[in-house]
Each structure stands twice: as C-alpha cells, then as structure tokens.
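Atoms within each ligand, like the ligands themselves, are counted from 1 in listed order. For clarity, every value in this text was computed on a predicted model and none was experimentally measured.
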Amino acid sequence: MAHIIVVGNEKGGAGKSTVSMHIATALARMGHQTAVLDLDLRQKTIGRYLENREAYLATLGFDLPSPEYHELPEIDKSSLKPGENIYDHRLSAAVATLEPDNDFILIDCPGSHTRLSQVAHSLADTLVTPLNDSFIDFDLLAHIDAEGEKISGPSVYSEMVWAARQLRAQAGLKPIDWIVMRNRLGAQRMVNKDKMERAVSRLAKRIGFRVAPGFNERVIFRELFPRGLTLLDLKDVGVQKLNISNVAARQELRDMMKSLNLPGVSINF
Ligand SMILES: Nc1ncnc2c1ncn2[C@@H]1O[C@H](COP(=O)(O)OP(=O)(O)OP(=O)(O)O)[C@@H](O)[C@H]1O
Ligand SMILES: [Mg+2]
C-alpha cells in the first residue's frame, strides 16, 4: 500500500506546488513509484508542471524518471450513495486505484480551505506544510502576541489538521507525521527570521509537528517550471557545472528529504 504524502497549507503561495514537485521528482529519481494528485482543480500547478516535464523531455528525446500525474476520475452522479459528496468520492476512488501500484502518492493541496483539501488531510501518513517566513503566514497556524513571542492558541489551519488527526484516530489509522518547513528564507540573518524560527519551534511542541530545514529564496526554485525540471535533473539535461546557489539548493533539498523520514527511502543524491 502506498504511503500518502499531503502537501498542504491553506495560505496561498506558501510553496506547496514547488515543494510537491521536488519531493515527488526526488522520490521518482530514487526509484520509487510515485503518483501525483493535484487538488487545485482550477490552477492545476503541479499538473501543469508535470505536463511541461513530459513535453520538454519528449522534445529532447529523453526519458528521465518522473512521477506520474493523475487527474481525479469523473464519477457518474447516479453511483453516489445517498448524502455522499462527489468530491470525497472522486478523491477516494483515485487513491484506491493508485494505492496498490505505487510506493508513494503525493497530494498537492490548493491554497484555500476546501472540502477536498480537508478530506485529503485525513488521508495523510505524512503532511508537509511549507510556510513563508512571515507572521501573516504563521497566523494560519497560531495566534501570537504583538512581540511575536507568546502563542495564545491554535488557528484555523492547525484546527483543521487536529480534526483530521481525530478522524484518523477514530478510524484506527496511524497518526499523521506533520512536518512544517519554512520556505523562501532570506540569505541574511534578520530579527524577523530569528523570531519566526523561535515561534515555529515553540509551536511545534505545542501542537505536535516536526520542523524540517527549509528552502532559501532561490531563482532555481522558480525558473524550471516551463521545462518541468527540478534541480536534480539539471545534469541529465546537459548542465555541466552547477553554480554555488544550485549546489546549495540541492543540499537544502537533500536535508529536507532526509528529515521527512519516509519509509523505505534512503537519500542517495
Ligand atoms: N524557495 C523558493 N525560492 C524562490 N521562489 C519560490 C520558492 N518557493 C516558491 N517560490 C515561488 O513562489 C510562488 C509560490 O509558490 P507555489 O506556487 O509553489 O506556492 P503554492 O503554495 O503552491 O501556491 P498556491 O497556494 O497558489 O497553490 C511561485 O511563484 C514560486 O515559483
Ligand atoms: Mg500550488
């Protein structure tokens, strides 16, 4: 049975699709059969990313290990049970089809609260939450005082994860391993950065997540989308020498992947 990784944060633009693409491609490149579902049915960022990959590799005549993108199946409304939600049904049908033949199913969630995203969270064996290094983004996890020091309580997104955890416990499923990673970190040490680091690690203990090393703000994380590549693919498409920033980005990806601690995965890049 596949291990389900959900990448979620109801804050838009936190880096979910970028992180999803890198995790899924890293897994595929390490030989793990990986399926990808995109729950942003409108923007379909990771779907588009993987379509770009297929098209670009086809023009080069290359075949690089890649995750497989799957659309949610269309469901005949008449097949729904009374009161059953069509989106729940589409998601569970997709997962049921993919589970037997994949090592991992990665689900990229939209940057808003949707029913589909909520259901996906309750399916997560591993939940990865990228977080921009800003207290506006932090506010969806927890409320904090004016100094950015004292946490007064959980916020909407953490409460949603808590509800997903409850659901899993009731169903006798293993608990969600929740990992928060800061994304688009600035290179310099700054007061805000230190404050965020402290606030995130304090919150980790309080609401039960692990903190993974994050990604810095780097051009390489956003320029490869049109070709559908990740920084792990550069050498294979003929980039002879990685620049320092790309080498550092690769190290960030390696450290993040290690800290996810996924079953059966030993990081070899
Ligand atoms: N580490 C990074 N360095 C530089 N740019 C980044 C980084 N991570 C993400 N970005 C850029 O930030 C923007 C948001 O990233 P992305 O689309 O992955 O976020 P998202 O959480 O999936 O957004 P949405 O909520 O809309 O689905 C994009 O323009 C992306 O290229
Ligand atoms: Mg996205």
Side-chain angles (χ1 to χ4, degrees), residues 5-26 36-53 67 69-72 91 106-118 120-121 124 127-134 136-141 155-157 160-161 178-188 190 192-193 196-197 200 211-234 242-257 259-260:
I5 305 168
V6 172
V7 181
N9 182 347
E10 62 187 75
K11 185 79 193 160
K16 295 175 290 293
S17 300
T18 306
V19 166
S20 292
M21 182 65 187
H22 281 82
I23 295 176
T25 307
V36 169
L37 294 173
D38 194 341
L39 300 192
D40 195 332
L41 303 180
R42 186 174 161 81
Q43 294 181 14
K44 295 190 176 170
T45 308
I46 193 153
R48 299 273 311 117
Y49 207 142
L50 287 164
E51 282 166 12
N52 291 349
R53 182 177 180 88
Y69 171 57
H70 298 266
E71 302 252 354
L72 296 187
L91 180 57
L106 184 140
I107 305 179
D108 183 15
C109 291
S112 58
H113 178 71
T114 66
R115 181 182 173 98
L116 205 46
S117 174
Q118 186 172 353
H121 280 67
L127 169 63
V128 182
T129 299
L131 185 71
N132 275 321
D133 216 34
S134 152
I136 292 183
D137 291 52
F138 187 90
D139 194 53
L140 272 79
L141 289 179
S155 179
V156 281
Y157 183 68
M160 196 266 267
V161 176
W178 185 14
I179 296 133
V180 172
M181 59 169 287
R182 287 152 73 215
N183 184 30
R184 306 190 72 167
L185 294 166
Q188 290 110 334
M190 286 191 289
N192 179 69
K193 196 171 165 187
M196 274 291 288
E197 186 167 343
V200 169
V211 183
F215 291 170
N216 273 20
E217 167 78 33
R218 294 182 191 280
V219 176
I220 193 74
F221 284 122
R222 58 182 129 91
E223 70 179 0
L224 297 173
F225 174 82
R227 285 177 284 165
L229 301 176
T230 67
L231 51 102
L232 295 180
D233 305 304
L234 293 176
L242 297 184
N243 67 32
I244 288 185
S245 174
N246 297 354
V247 172
R250 198 184 169 94
Q251 184 65 42
E252 287 166 11
L253 179 57
R254 189 182 298 136
D255 291 343
M256 189 272 286
M257 288 298 296
S259 72
L260 296 188

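- Under a 3.5 Å cut-off, the side chain of N52 and the backbone N or O of F225 do form a donor-acceptor pair.
- A salt bridge between R53 and D233 is present, with a side-chain N of the basic residue lying under 4.0 Å from a carboxylate O of the acidic one.
- Using a 30° and 60° split on the angle between ring planes, Y157 and H121 fall in the perpendicular class, above 60°.
- Under the rule for a salt bridge (charged side-chain N to carboxylate O under 4.0 Å, His left out), the partners of E197 that lie at least two apart in sequence or sit in another chain are R182, R189.
- In this structure, K44 places its NZ atom where only 12 or fewer heavy-atom neighbours from other residues, nucleotides or ligands lie under 6.0 Å away.
- Between L91 and L37, some side-chain heavy-atom pair lies under the 4.5 Å cut-off.
- Distances shorter than 2.8 Å separate the Mg ion (ligand 2) from the protein N/O/S atoms S17 OG.
- Using a 4.5 Å cut-off on side-chain heavy atoms (C-beta onward), L116 and L72 make contact.
- When only modelled atom types and interatomic distance are considered, Q251 and R254 share a side-chain donor-acceptor pair under 3.5 Å.
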With the criterion set at N/O pairs under 3.5 Å, what does the list of contacts between the protein and ligand 1 look like, atom names and distances included?
| from | atom 1 | to | atom 2 | distance (Å) |
| --- | --- | --- | --- | --- |
| ligand 1 | 1 (N) | N183 | OD1 | 3.0 |
| ligand 1 | 1 (N) | N216 | O | 3.0 |
| ligand 1 | 3 (N) | R218 | N | 3.0 |
| ligand 1 | 3 (N) | R218 | O | 3.3 |
| ligand 1 | 5 (N) | R222 | NE | 3.2 |
| ligand 1 | 8 (N) | N183 | ND2 | 3.0 |
| ligand 1 | 12 (O) | R184 | NH1 | 2.8 |
| ligand 1 | 18 (O) | S17 | N | 3.4 |
| ligand 1 | 18 (O) | T18 | N | 2.9 |
| ligand 1 | 18 (O) | T18 | OG1 | 2.6 |
| ligand 1 | 19 (O) | G15 | N | 3.0 |
| ligand 1 | 21 (O) | A14 | N | 3.0 |
| ligand 1 | 21 (O) | G15 | N | 2.9 |
| ligand 1 | 21 (O) | K16 | N | 2.9 |
| ligand 1 | 21 (O) | K16 | NZ | 2.8 |
| ligand 1 | 22 (O) | K16 | N | 3.4 |
| ligand 1 | 22 (O) | S17 | N | 2.8 |
| ligand 1 | 22 (O) | S17 | OG | 2.9 |
| ligand 1 | 23 (O) | G13 | N | 3.1 |
| ligand 1 | 25 (O) | G13 | N | 2.9 |
| ligand 1 | 25 (O) | K16 | NZ | 2.8 |

What pairs of donor and acceptor atoms, side-chain ones from residues 11-19 against any protein atom, are under 3.5 angstrom apart with sequence neighbours left out?
| from | atom 1 | to | atom 2 | distance (Å) |
| --- | --- | --- | --- | --- |
| K16 | NZ | N9 | O | 3.2 |
| K16 | NZ | K11 | O | 2.8 |
| S17 | OG | D108 | OD2 | 2.7 |

